[in-house]
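Shown next, in structure tokens, is the structure this report addresses.
Any value given below was found using the heavy atoms of this structure, including those in side chains, with hydrogens, waters and symmetry copies removed.
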There are 2 protein chains.
Amino acid sequence: MATSTVENYIKKIYTLQFEQGGGEEANVSMGDLATSLDVTPGTATTMVKSLAKTGLVSYTPRVGVQLTAQGKELALLVLRRHRMVELFLVKVLGMDWHEIHDEAEALEHVISDRVLERIDILLGRPELDPHGDPIPDASGAIAERDLVLLVDCSIGQKVRIGRIENQEDTFLKYLESNGLTPGQDLTVVSADAQAGVISLEFGSGENRQLGFEAARKISVEVAE
Amino acid sequence: MATSTVENYIKKIYTLQFEQGGGEEANVSMGDLATSLDVTPGTATTMVKSLAKTGLVSYTPRVGVQLTAQGKELALLVLRRHRMVELFLVKVLGMDWHEIHDEAEALEHVISDRVLERIDILLGRPELDPHGDPIPDASGAIAERDLVLLVDCSIGQKVRIGRIENQEDTFLKYLESNGLTPGQDLTVVSADAQAGVISLEFGSGENRQLGFEAARKISVEVAE
DNA sequence: CCACGGACTTTGAGAATTCAAATTCGTAAA
DNA sequence: TTTACGAATTTGAATTCTCAAAGTCCGTGG
């Protein structure tokens, strides 16, 4: 079985390749990988070479890594465990939205299929984690969505918060206490490009202003 | 922080020293330790020497190991996590009593204090795990009980199942499907030393026979 | 067409954990 | 006492993961 370390590398390569990079074709550089895993470049190179030997990635020296089909499968499984655990911690254990990431980071490597399935049932086959990230299903499929940055929305659009791009603790805490969590429906009331402020209205009629800076950290689904 | 391996050694030394051995004074032999951890004796010796260096155990070559106060504290914390997780898996995730041990074995090393506290609250500050083993409280204290083997009980005694000494899957499965779980109240109706059979009565009036072999694997509290 | 700089790779080494095999210790029996 | 056996320890080596530092590759500016 894959060690925690291997799972972390594979997961990171996945997010770098598919969620921040250009998809199937994209190569993840050793530099980026090393930086985001907080190891030295030499360590990343060594590890990636060994991952390549086990068939989880394909590696071209001085170009980068890509996941193989097998690697992608593992990545999605780890992501599934991570996100399921996060949701579980919030929904079942009542933990705060902003304190769950590190817990999930540790738990994601030791959750068996059996436990995962139990949690999945308990939570009612959820599709999104508390950050709004999609949870791959047991076969590794992820529900695709069309997301745009809140800052790019035009006036009058009805939107639903999809995911939060920034995982900083203070930001999450702010959003949480202001009801700006994934799933929340909003209407863009106005946007002042000069002032850099966007105005939102909740279903309840309440209003809230957000700076462009913050509105760039929130992705939304636009209602048809 | 202690690695999983270190926690496993400390936990095993604890159970060997206190739960199967002679308590505070007892020395755990390298042989016993190695056997129950499924490593070679040389490995146990090496590891124990390094544990001694970190102050978790005191080690006398050719005599054995004992936990220091510090080691005992760690052992009780690990035991707390293990047992709490087991109970959690049964109570919250609805898993079967006999399939939880291995899961807990992995999870016990990655449960943070924060999560542990949440689970503790969710379960209502429980004192016993599903096998009937006491769960140390957050400060490491364990509720003491007076247990005797069911096989040693005399006729007419009212008893409550305290713990199951044998963790074999098939045995646990049998007990579970026959209602012989910790907490269950029973009366010893008769015992035939020649036949090696003991007869039990449930509160419901139902009766059940158990061989001495099995009755030696069940510990009970005797009602005053 | 070459030197530079930055990114990447290689190399040597160390920590943690393990095993197999050789050695040593202690004691119970002779 | 001396021996012999079983238990424990030591030794040498492998695995996995890591770092620091030295070496290599390659696109860019001159």
Side-chain angles (χ1 to χ4, degrees), chain A residues 1-13 16-17 20-22 26-67 70-71 74-75 78 105-106 108-110, chain B residues 1-13 16-17 20-22 26-67 70-71 74-75 78 105-106 108-110:
Chain A
M1 228 258 302
T3 63
S4 295
T5 310
V6 167
E7 289 189 350
N8 280 331
Y9 273 86
I10 294 298
K11 185 177 61 155
K12 190 56 79 178
I13 294 169
L16 256 23
Q17 182 180 351
Q20 292 165 40
N27 274 293
V28 176
S29 73
M30 291 305 108
D32 288 356
L33 185 59
T35 303
S36 43
L37 285 170
D38 204 31
V39 295
T40 60
T43 302
T45 301
T46 306
M47 192 64 201
V48 164
K49 281 202 293 188
S50 109
L51 292 176
K53 214 169 296 178
T54 70
L56 290 167
V57 304
S58 67
Y59 166 56
T60 317
R62 308 213 115 92
V63 176
V65 232
Q66 296 175 199
L67 293 178
Q70 195 198 142
L74 176 57
V78 177
E105 205 63 33
E108 69 187 6
H109 306 298
V110 295
Chain B
M1 228 256 305
T3 64
S4 296
T5 310
V6 167
E7 290 189 349
N8 280 332
Y9 274 86
I10 294 297
K11 184 177 61 154
K12 190 57 78 179
I13 294 169
L16 256 23
Q17 182 181 349
Q20 292 165 40
N27 273 109
V28 176
S29 74
M30 292 304 110
D32 289 354
L33 185 59
T35 302
S36 43
L37 285 169
D38 204 30
V39 295
T40 59
T43 303
T45 301
T46 307
M47 193 63 203
V48 163
K49 281 202 292 187
S50 111
L51 292 176
K53 214 170 295 176
T54 71
L56 289 167
V57 305
S58 68
Y59 167 56
T60 317
R62 306 209 119 94
V63 175
V65 232
Q66 295 175 196
L67 293 179
Q70 195 197 144
L74 175 58
V78 176
E105 206 62 32
E108 69 186 6
H109 306 297
V110 295

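Residues that satisfy the side-chain contact (heavy atoms from CB on, under 4.5 Å) test with Gln20(A), not counting sequence neighbours, are Leu16(A). Shown here are the side-chain contact (heavy atoms from CB on, under 4.5 Å) partners of Ala52(A), two or more places apart in sequence or in another chain: Val57(A), Tyr59(A). Legend: residues meeting side chain to side chain donor-acceptor pair (under 3.5 Å) with Gln66(A), ordered by chain and number and at least two apart, are Asn27(A). When the salt bridge (charged side-chain N to carboxylate O under 4.0 Å, His left out) test is applied to Lys11(A), the partners found at least two apart in sequence or on another chain are Glu105(A), Glu108(A). Judged as a side-chain contact (heavy atoms from CB on, under 4.5 Å), and not counting sequence neighbours, the contacts of Thr3(A) are Thr5(A), Val6(A). By the side-chain contact (heavy atoms from CB on, under 4.5 Å) test, Ala106(B) pairs with Val110(A), sequence neighbours left out.
Among pairs with a residue in residues 35-44 of chain A, those fulfilling side-chain hydrogen bond (donor to acceptor under 3.5 Å, both in side chains) read Thr40(A)-Thr43(A), at least two apart in sequence or across chains.
Note: CG (Leu37(A)) to C1' (dT18(D)) measures 13 Å, nearest angstrom. Going from atom CE of Met1(B) over to atom P of dA15(C) covers 20 Å, rounded to whole Å. Note: CG (Leu56(A)) to P (dT16(D)) measures 13 Å, nearest angstrom. Taking atom CG of residue Leu33(B) and atom C1' of nucleotide dA8(D), one finds them 12 Å apart after rounding to whole Å. Computed from coordinates, the Met47(B) CE to dA8(D) C1' distance equals 18 Å when rounded to whole Å. The CG-P distance, from Asn27(B) to dG26(C), rounds to 15 Å in whole Å.
Contact check for Ile13(B) versus Leu51(B): side-chain heavy atoms found under the 4.5 Å cut-off.
Looking at residues 2-9 of chain B, you'll see Thr3(B), Thr5(B), Tyr9(B) sit with a heavy atom under 4.0 Å from some atom of DNA chain C.
One end of the helix from dC1(C)-dG30(D) to dA30(C)-dT1(D) points its axis 30° away from the other end's axis, with each axis taken from 5 pairs and the angle rounded to 10°.
Residues Ala2(B) and Glu7(B) share a closest heavy-atom pair of CB-CG, 4.0 Å.
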**Message:** Would Leu74(A) and Gln70(A) count as a side chain to side chain contact (heavy atoms under 4.5 Å, CB included) here? Give the steps.
**Reply:** CA-CA 6 Å; Leu74(A) 176 57; Gln70(A) 195 198 142; over 6 Å; no
Distances under 3.5 Å only, N/O to N/O: pair up the protein atoms with those of nucleotides 8-14 of chain C.
| from | atom 1 | to | atom 2 | distance (Å) |
| --- | --- | --- | --- | --- |
| dC8(C) | OP2 | Gly31(A) | N | 3.0 |
| dC8(C) | O2 | Arg62(A) | NH2 | 2.6 |
| dT9(C) | OP1 | Tyr59(A) | OH | 2.2 |
| dT9(C) | OP1 | Arg62(A) | N | 2.9 |
| dT9(C) | OP2 | Thr45(A) | OG1 | 2.8 |
| dT9(C) | OP2 | Tyr59(A) | OH | 3.3 |
| dT10(C) | OP2 | Lys49(A) | NZ | 2.6 |

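Side-chain N or O atoms of Ser29(A) include one that pairs as donor or acceptor with a backbone N or O of Asp32(A) at under 3.5 Å.
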